Amino acid sequence: MANKQPIVGIMYDFDKTLSTTDMQNYDFIPNLDMTPEQFWDATGKFSEESGVERILSYMYVMLAQAKEKGIKVTRDYLRECGKNIKFYPGVTTWFKRINDYGESKGVKVEHYLVSSGTKEIVEGCSIYPNFKEAWGCEYYFNEEGEPVWPKLAINYTQKTQFFFRIAKGAMDVRNDDSVNEKTKGHRIPYRNIIYMGDGMTDIACMTLVKKNGGKSIAIYPEKQSDKVKQIYEDGRCNIICKADYSAGSDLEKVVKLIIDLAATYDDIEKKEKSLANK
């Protein structure tokens with residue numbers, strides 16, 4: 001039987017990791033005739049007054065404000081709000097470049113989005129087709145196409161489950177057994193998983209990935225490394241990199257080195273098995 005190709009799985013946060021700001025800030029919030037500051041202040045106020053968790057609060061406030069302004073929210077409307085998302089340099093060509101490099105090393109690279117943002121908005125952006133799986137906060141739409149209930153809400157600590165789902169290939173969030181059951185081997189070894197995020201809200205995932213032998217990368221906007229320096233100094237990530245995904249950037253070099261390591265580990269394991277069978 002032919003040896004399986006090693007896989008590297010890259011987990012991405014979205015807001016301020018791939019995009020330059022929160023995804024709602026580009027079109028959804030301006031369409032409400034609000035500034036981002038006004039919208040997020042309203043979300044925080046609603047959470048404080050109601051006791052509703054902050055992620056669920058923003059999902060509620062999105063619908064409440066849209067209704068107040070006479071905007072009909074549908075899945076298609078939310079997707080339209082994703083079309084003008086702006087990305088950091090090199091993001092739109094990043095996925096193919098990294099995939100091609102992996103193939104040149106005999107490694108398959110898979111990209112996974114794990115976001116506390118609105119999945120329906122992400123579905124409308126240009127890079128969405130590059131993800132093998134994308135998880136985010138979703139609405140349940142009734143037969144009339146109206147969002148009536150949260151289908152999935154992912155806060156910052158809930159993101160950690162997706163590290164195990166990706167490792168085991170347990171992609172269905174409705175199936176808890178598949179992610180919790182003990183397995184002899186993982187589809188993607190923990191050491192071959194990379195997590196990329198931009199700050200404090202990613203610390204739980206960064207720490208989990210790093211402690212299990214994967215690589216956590218904290219992303220920062222140009223000339224703003226102070227935003228993530230403390231995360232590195234506290235030992236919660238492996239490395240910090242400027243939010244530049246362009247060819248030849250430091251971030252690209254780091255990810256290519258991790259792919260090289262995955263190829264090397266795979267070669268070593270194959271040689272060990274070969275020697276053990278002699």
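The basis for the numbers below is simple: all heavy atoms, side chains too, and nothing from hydrogens, waters or symmetry mates. It should be emphasised that the depicted structure is a prediction, and the values quoted were computed from it without experimental measurement.
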Item checked: Ring centres under 6.0 angstrom apart (Y58, F39) -> no
Notebook entry, point to check: Given side chains that start at C-beta, do those of F14 and S19 come closer than 4.5 Å, heavy atoms only?
Noted result: yes
Notebook entry, point to check: Do T20 and Y26 have side-chain atoms, one donor and one acceptor, less than 3.5 Å apart?
Noted result: yes
Item checked: Donor-acceptor contact present, side-chain S57 to main-chain V52, <3.5 Å -> yes
Check: Quick check: does any side chain N or O of R97 sit under 3.5 Å from a backbone N or O of Y245, one acting as donor and the other as acceptor?
Finding: yes
Margin query: Run the side chain to side chain contact (heavy atoms under 4.5 Å, CB included) test on V73 and L78 for me, step by step, so that the C-alpha distance in whole Å, both residues' side-chain angles and the decisive distance to 0.1 Å come before the verdict.
Written below: CA-CA 7 Å; V73 176; L78 291 173; 3.9 Å; yes
Item checked: Salt-bridge present (D202, K159; N to O < 4.0 Å) -> yes
Margin query: Quick check on the hydrophobic clustering: are I258 and V109 connected, directly or via other members, by side-chain heavy-atom contacts under 4.5 Å?
Written below: yes
Check: Does E233 pair with K229 as a salt bridge, N-O distance under 4.0 Å?
Finding: no
Notebook entry, point to check: M11, V107: one ILVMFWY side-chain cluster at the under-4.5 Å cut-off?
Noted result: no
Margin query: Taking CZ in F141 as the centre, count heavy atoms belonging to other residues, nucleotides or ligands within less than 6.0 Å. Is the count above 12?
Written below: yes
Notebook entry, point to check: Are more than 12 heavy atoms from other residues, nucleotides or ligands located less than 6.0 Å from atom NZ of K210?
Noted result: yes
Notebook entry, point to check: Is there a side-chain contact between I188 and E110 (heavy atoms, below 4.5 Å)?
Noted result: yes
Next item on the list: Examine distances only and state if a side-chain atom of E252 and a backbone atom of G248 form a donor-acceptor pair shorter than 3.5 Å.
Entry: yes
Notebook entry, point to check: Hey, is the main chain of Q24 close enough, under 3.5 Å, to the side chain of D22 for a donor-acceptor pair?
Noted result: no
Notebook entry, point to check: Ignoring hydrogens and geometry, is there a side-chain-to-backbone donor-acceptor pair from R165 to D172 under 3.5 Å?
Noted result: yes
Check: Do the ring centers of Y112 and F162 come within less than 6.0 Å of each other?
Finding: no
Check: Mind checking whether Y12 and F95 have ring centres under 6.0 Å apart?
Finding: yes
Notebook entry, point to check: Is there a donor-acceptor pair under 3.5 Å between the side chain of T17 and the backbone N or O of D198?
Noted result: yes
Notebook entry, point to check: Do side-chain atoms of E53 reach the backbone of I55 as a donor and acceptor pair under 3.5 angstrom?
Noted result: yes
Check: Applying the 4.5 Å side-chain criterion to the ILVMFWY set and letting contacts propagate, would V114 and I85 be lumped into a single cluster?
Finding: no
Next item on the list: Flag yes if more than 12 heavy atoms outside D33 fall under 6.0 Å of its CG atom; otherwise flag no.
Entry: no
Notebook entry, point to check: Near R236 CZ, under 6.0 Å, is it more than 12 heavy atoms from other residues, nucleotides or ligands?
Noted result: no
Next item on the list: May I ask you to decide if G44's main-chain N or O and S47's side chain share a donor-acceptor pair within less than 3.5 Å?
Entry: no
Checklist line | Check: D244/S246 side-chain N/O donor and acceptor closer than 3.5 Å | finding: yes
Check: Any salt bridge between E80 and K83, counting N to O under 4.0 Å?
Finding: yes
Identify every side-chain donor-acceptor pair in residues 129-138 under 3.5 Å, counting partners at least two apart or on other chains, and give the distances.
from : atom 1 : to   : atom 2 : distance (Å)
N130 : ND2    : I127 : O      : 3.0

Note to self: Just checking K256: does its NZ atom have more than 12 heavy atoms from other residues, nucleotides or ligands closer to it than 6.0 angstrom?
What the structure shows: yes
Checklist line | Exercise: identify the closest heavy-atom pair between D13 and G197 | finding: CB-CA, 4.0 Å
Next item on the list: Please step through side chain to side chain contact (heavy atoms under 4.5 Å, CB included) for the pair Y232 and M206, ending with a clear verdict.
Entry: CA-CA 10 Å; Y232 176 76; M206 286 182 178; over 6 Å; no
Next item on the list: Specify whether Y60 and F46 have parallel, tilted or perpendicular ring planes, treating 30° as the upper limit for parallel and 60° as the lower limit for perpendicular.
Entry: parallel
Notebook entry, point to check: Is any side-chain heavy atom of Y128 closer than 4.5 Å to a side-chain heavy atom of R79?
Noted result: no
Margin query: For D100, is there an ion pair with K96 - N to carboxylate O distance below 4.0 angstrom?
Written below: yes
Check: Under the side chain to side chain contact (heavy atoms under 4.5 Å, CB included) criterion, do Y139 and M62 qualify, and how do the steps go?
Finding: CA-CA 11 Å; Y139 292 104; M62 281 179 67; 3.7 Å; yes
Checklist line | Worked verdict on I217 versus V255 for side chain to side chain contact (heavy atoms under 4.5 Å, CB included) | finding: CA-CA 9 Å; I217 304 173; V255 172; 4.2 Å; yes
Margin query: Treating T264 as the side-chain partner and D260 as the backbone partner, does any N or O pair qualify as donor plus acceptor under 3.5 Å?
Written below: yes
Next item on the list: Using atom types as modelled and distance alone, determine if a side-chain donor or acceptor of K69 lies under 3.5 Å from a backbone N or O of L32.
Entry: yes
Check: Does the side chain of I29 come within less than 4.5 Å of Q65's, by heavy atoms?
Finding: no
